[in-house]
J.: 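Before we start, here is the structure in question, set down as structure tokens.
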Amino acid sequence: MAETSDQMPPSRALDIAKSSSDELAEDRRKVFRRLLSYLRPYRTRLAWGILFGVLAGLVNGAFLLLLQIVFDIIIPAADGQPMKEVYYPFADLPVFQDFEIRPPAFVEGKEWIFALIVGLSLPCIMLLRGLFHYLHAYCMLWINMKVLYRLRDESFTSLMSQSLSFFNHVKQGELIQTVANQTRTTADAGSQLLSALIQYPIAIVAIIVTALILDPLYTLAAITVFPLCILPVALISRKVRKAGGKEEEESEGLMVTLHESFSGVRLVKAHSREEYQRKRFNDGNGKIIQFIMRWRKAMEISTPMVEIVAALGVSLGMLYAWTSDISTATFTTINLGLISLYPHAKALSRIQIQVQKCFVAALKVFAYIDAEPDVKDKVGAGELTDCKGNIALRDVEFSYVKDKPALNGVSLDFEQGKRYALVGQSGSGKSTILSLILRFYDPGKGSIRIDGVDIRDYTQQSLRDQIGLVSQDTFLFHDTILNNIRYGYLEATKEQVIRAAEMAHAHEFITEQEHGYDTMLGDKGCTLSGGQQQRLSIARAILRDAPILFLDEATSALDSESERAIQDAISELSKGKTVIAIAHRLSTVLDSDEIVVMSDGKVLDKAPHAVLLERCPEYQRLYQLQFEGN
């Protein structure tokens, strides 16, 4: 027996904790190479951001040079020593020995003026660094938001294009977590980490180069242990990757619990299961906190480890200073530079840890974006226009689960302008027929044709545009009544909406609402009764005015009086259309042109009510069960 492809969600295949180092390295390269492709459309803004980041880093070197002037000229002058007319800060270096600094002529005899100029230069340098840093951060944030928008758009679009078989295997909370949160983490990996990789290394290089210019040997002695800063990161990165992956997994479970608790709040309260749901929520919440603490501890422990390495470097530099004739000014300046160097080194050391966490989220996001739907338009698929409504099923076979056929060799014809009903016990395949005609699934064998053309030769959108649907499971959005009805035909005017509501006998109760058609409905229309919700759903289908109309227990939630009125409206609406109704109450479909009797995925008979009552044992049984009391 043919069956649908068992498409498992991509998240099931993403178990990075069990992946080898080579596999992880290859996946990481692919992920970040792809992230760079998201930055490419914004390369101009990215170039500006990089430039401002470089300038912000270089200003750190200029700040050290200014400190050298303070310690070599200003402070000695303040102690009563004559101010140097010419100052050679790099006299010991072969390349820079001729570089000189002369106080301006107009400060001769007024040393305080030069001291004031140098003093004011310090906040100016800091202001310049702050400005460059702000412009760099703004550019990178702008890019981050653009990438985030695109990631969310692509992931949501991909999920909406999936067939129903996909959603049969995933939890909605996981999808919400991926689209809402993991895209943000992924976008951060693409721009914020790139920002850090630009600004921090430039600042480190600028400080080291300046310090090398001031005294190469002392600086080299002080930064000899600098590569050791990488060791703490290497030791804890795997731990962070595992903890980050577990945190994302538990976050998905927590989102599932939230979604189910809020969506099923009536059931929760009806069974007094508030405490049970609270326990489920806190179990997941506690695990998330535990994994967050693990990777946060791993991240935070890198800071003191880097500081210890830094202190060791300064100690080695001091040992060198003890045995050399380095000046106090140079010694102080270089140490201030090294002090300002290590915060950048600490921040840089955390990048690898952040990359591990972002990597987990990016894998999940890209897996969903790349997921291929089971049902998709064929290349060159045409548009279904001027649909007459003739439907034919030929030897259709279909299974939701292997070896359990939902339909087995079904052949049916539905002619234009006629009303048909599908009857049978639950699980006989009635709703499956409607799902296959709508191409929610593709049949494993056989074909379905509309107006003589296989529906797979049409685009899904143009096919579904020709079909109106009223289901027993009504769904209303958290929006106005007007927009909920207009969902059937987005370009409809208010007058058309009102006319559809009148035909569905919904206009009266709508006008009794506080704001009429502009009344905001609660989640899933919870402020309306079941019958009112169903009448809005019927109004939506009436407004759509499609040539094919599917009714899946369309009047199941209506009282007898409303049901009769809706039946009259549907009869008027059905003229010239192909109507296929699913009904468990035979009283609602007795006047159908033909009734299809189904059992165990097969068609037992198809004829008008009177004929079936004479010749079809299964129909006789169903009829007797419902009408034996009369």
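All residue numbers refer to positions in the sequence shown, counting from 1. Values in this document were obtained by computation on a predicted structure and should not be read as measured data.
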J.: Donor-acceptor pair, Gln620 side chain versus Glu614 backbone, under 3.5 Å?
T.: yes
J.: Restricting to ring-ring contact (aromatic ring centres under 6.0 Å, His included), what partner residues turn up for Phe156, sequence neighbours left out?
T.: none
J.: Just do the side-chain contact (heavy atoms from CB on, under 4.5 Å) check on Leu159 and Phe166 with the steps written out, would you?
T.: CA-CA 9 Å; Leu159 292 175; Phe166 174 88; 3.8 Å; yes
J.: Is the number of heavy atoms from other residues, nucleotides or ligands within 6.0 Å of CZ (Arg150) greater than 12?
T.: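 Counting other residues, nucleotides and ligands, CZ of Arg150 exceeds 12 neighbours.
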J.: For the CG atom of Asn408 and the NZ atom of Lys602, what is their distance to the nearest 0.5 Å?
T.: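 Reported value, rounded in 0.5 Å steps: 5.0 Å.
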J.: Taking Thr459 for its side chain and Ser462 for its backbone only, find out whether a donor-acceptor pair lies under 3.5 Å.
T.: yes
J.: Would you call Asp552 and Lys430 a salt bridge, taking side-chain N to carboxylate O under 4.0 Å as the test?
T.: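 Looking at Lys430 together with Asp552, the answer is no, because their closest N to O distance does not fall below 4.0 Å.
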J.: About how many Å separate CG of Leu476 and OG of Ser537, when rounded to the nearest 0.5 Å?
T.: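 Ser537 atom OG to Leu476 atom CG measures 7.0 Å (nearest 0.5 Å).
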J.: Identify the heavy atoms of Leu407 and Gly429 that sit nearest to each other, and give their distance.
T.: CD2-O, 3.7 Å
J.: Looking at Thr480, is its backbone amide N or carbonyl O close enough to the side chain of Asn484 to form a donor-acceptor pair, meaning the two atoms are under 3.5 Å apart?
T.: yes
J.: Report yes if some heavy atom in the side chain of Leu35 is under 4.5 Å from a heavy atom in the side chain of Thr186; otherwise report no.
T.: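 In contact.
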J.: Any side-chain donor paired with an acceptor under 3.5 Å for Ser165 and Asp374?
T.: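 Side-chain D/A pair, Ser165 to Asp374: present.
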J.: If I take atom CD from residue Gln177 and atom OG1 from residue Thr183, how far apart are they, to the nearest 0.5 angstrom?
T.: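 Rounded to the nearest 0.5 Å, the CD-OG1 separation comes to 9.5 Å.
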J.: Would you find a donor on one side and an acceptor on the other, under 3.5 Å apart, between the side chain of Asn390 and the backbone of Gln416?
T.: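 Yes, Asn390 side chain to Gln416 backbone: donor-acceptor pair under 3.5 Å.
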J.: Would you check if the side chain of Ser428 reaches a backbone N or O of Gly601 as a donor-acceptor pair within less than 3.5 Å?
T.: no
J.: Hey, do the aromatic rings of Tyr489 and Tyr487 have their centres closer than 6.0 Å?
T.: no
J.: May I ask you to decide if Val597's main-chain N or O and Glu618's side chain share a donor-acceptor pair within less than 3.5 Å?
T.: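 Flag not set: sc Glu618 to bb Val597 has no pair under 3.5 Å.
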J.: Asp593: which residues meet the salt bridge (Lys or Arg N to Asp or Glu O under 4.0 Å) condition with it, sequence neighbours left out?
T.: none
J.: Salt bridge (Lys or Arg N to Asp or Glu O under 4.0 Å) with Arg439: which residues, sequence neighbours excluded?
T.: Asp442
J.: Taking only residues two or more places apart in sequence or in another chain, which ones pass salt bridge (Lys or Arg N to Asp or Glu O under 4.0 Å) with Asp600?
T.: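 Expected list: none.
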J.: Given Asp377 and Arg456, is the salt bridge (Lys or Arg N to Asp or Glu O under 4.0 Å) satisfied, shown in steps?
T.: CA-CA 7 Å; Asp377 294 336; Arg456 286 170 288 199; over 6 Å; no
J.: Within the side chain of Glu594, is there an N or O that forms a donor-acceptor pair under 3.5 Å with the backbone of Ala421?
T.: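 Not a single qualifying donor-acceptor pair exists.
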J.: First locate atom CD1 of Ile548, then atom CG of Leu384, and finally report the distance between them rounded to the nearest 0.5 Å.
T.: 7.5 Å
J.: Quick one: do the Ser158 and Ser161 side chains pair a donor with an acceptor below 3.5 Å?
T.: no
J.: Does the distance from a Lys or Arg side-chain N to an Asp or Glu carboxylate O, for Glu275 and Lys279, drop under 4.0 Å?
T.: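 Judged by the 4.0 Å cut-off on N to carboxylate O distance, Glu275 and Lys279 do not form a salt bridge.
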J.: Between Arg419 and Thr578 (side chain of the first, backbone of the second, donor and acceptor by atom type, cut-off under 3.5 Å), is there such a pair?
T.: no
J.: Is Lys378 positioned over the aromatic face of Tyr458, cation under 6.0 angstrom from the ring centre and no more than 45 degrees off axis?
T.: no
J.: Side chain to side chain contact (heavy atoms under 4.5 Å, CB included) with Ser435: which residues, sequence neighbours excluded?
T.: Phe440, Tyr441
J.: Atom CG in Leu536, atom CD in Gln534: separation rounded to 0.5 Å?
T.: 10.5 Å
J.: According to salt bridge (Lys or Arg N to Asp or Glu O under 4.0 Å), who are the partners of Arg33, at least two apart in sequence or on a separate chain?
T.: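 Salt bridge (Lys or Arg N to Asp or Glu O under 4.0 Å) list for Arg33, sorted by chain: empty.
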J.: Given the rule in the side-chain contact (heavy atoms from CB on, under 4.5 Å) test, do Asp605 and Tyr619 qualify, once you have shown the distances and angles that lead to the verdict?
T.: CA-CA 9 Å; Asp605 207 342; Tyr619 187 78; over 6 Å; no
J.: Main chain of Lys388, side chain of Asp451: is a donor-acceptor contact present, judged purely on distance under 3.5 Å?
T.: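 Looks like yes, one N/O pair under 3.5 Å.
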J.: Any donor and acceptor pair, going by atom type alone, linking the side chain of Arg544 with main-chain N or O of Ile467 inside 3.5 Å?
T.: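 Judged by distance alone, yes, a pair lies under 3.5 Å.
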J.: Is Asp413 paired with Arg394 through a side-chain N to carboxylate O contact shorter than 4.0 Å?
T.: yes
J.: What distance separates Arg464 CZ from Leu438 CG, expressed to the nearest 0.5 Å?
T.: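 One finds 6.5 Å between CZ of Arg464 and CG of Leu438.
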J.: Indicate whether any N or O donor in one side chain lies under 3.5 Å from an N or O acceptor in the other, for His609 and Tyr623.
T.: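 Tyr623 and His609 do not have a side-chain donor-acceptor pair below 3.5 Å.
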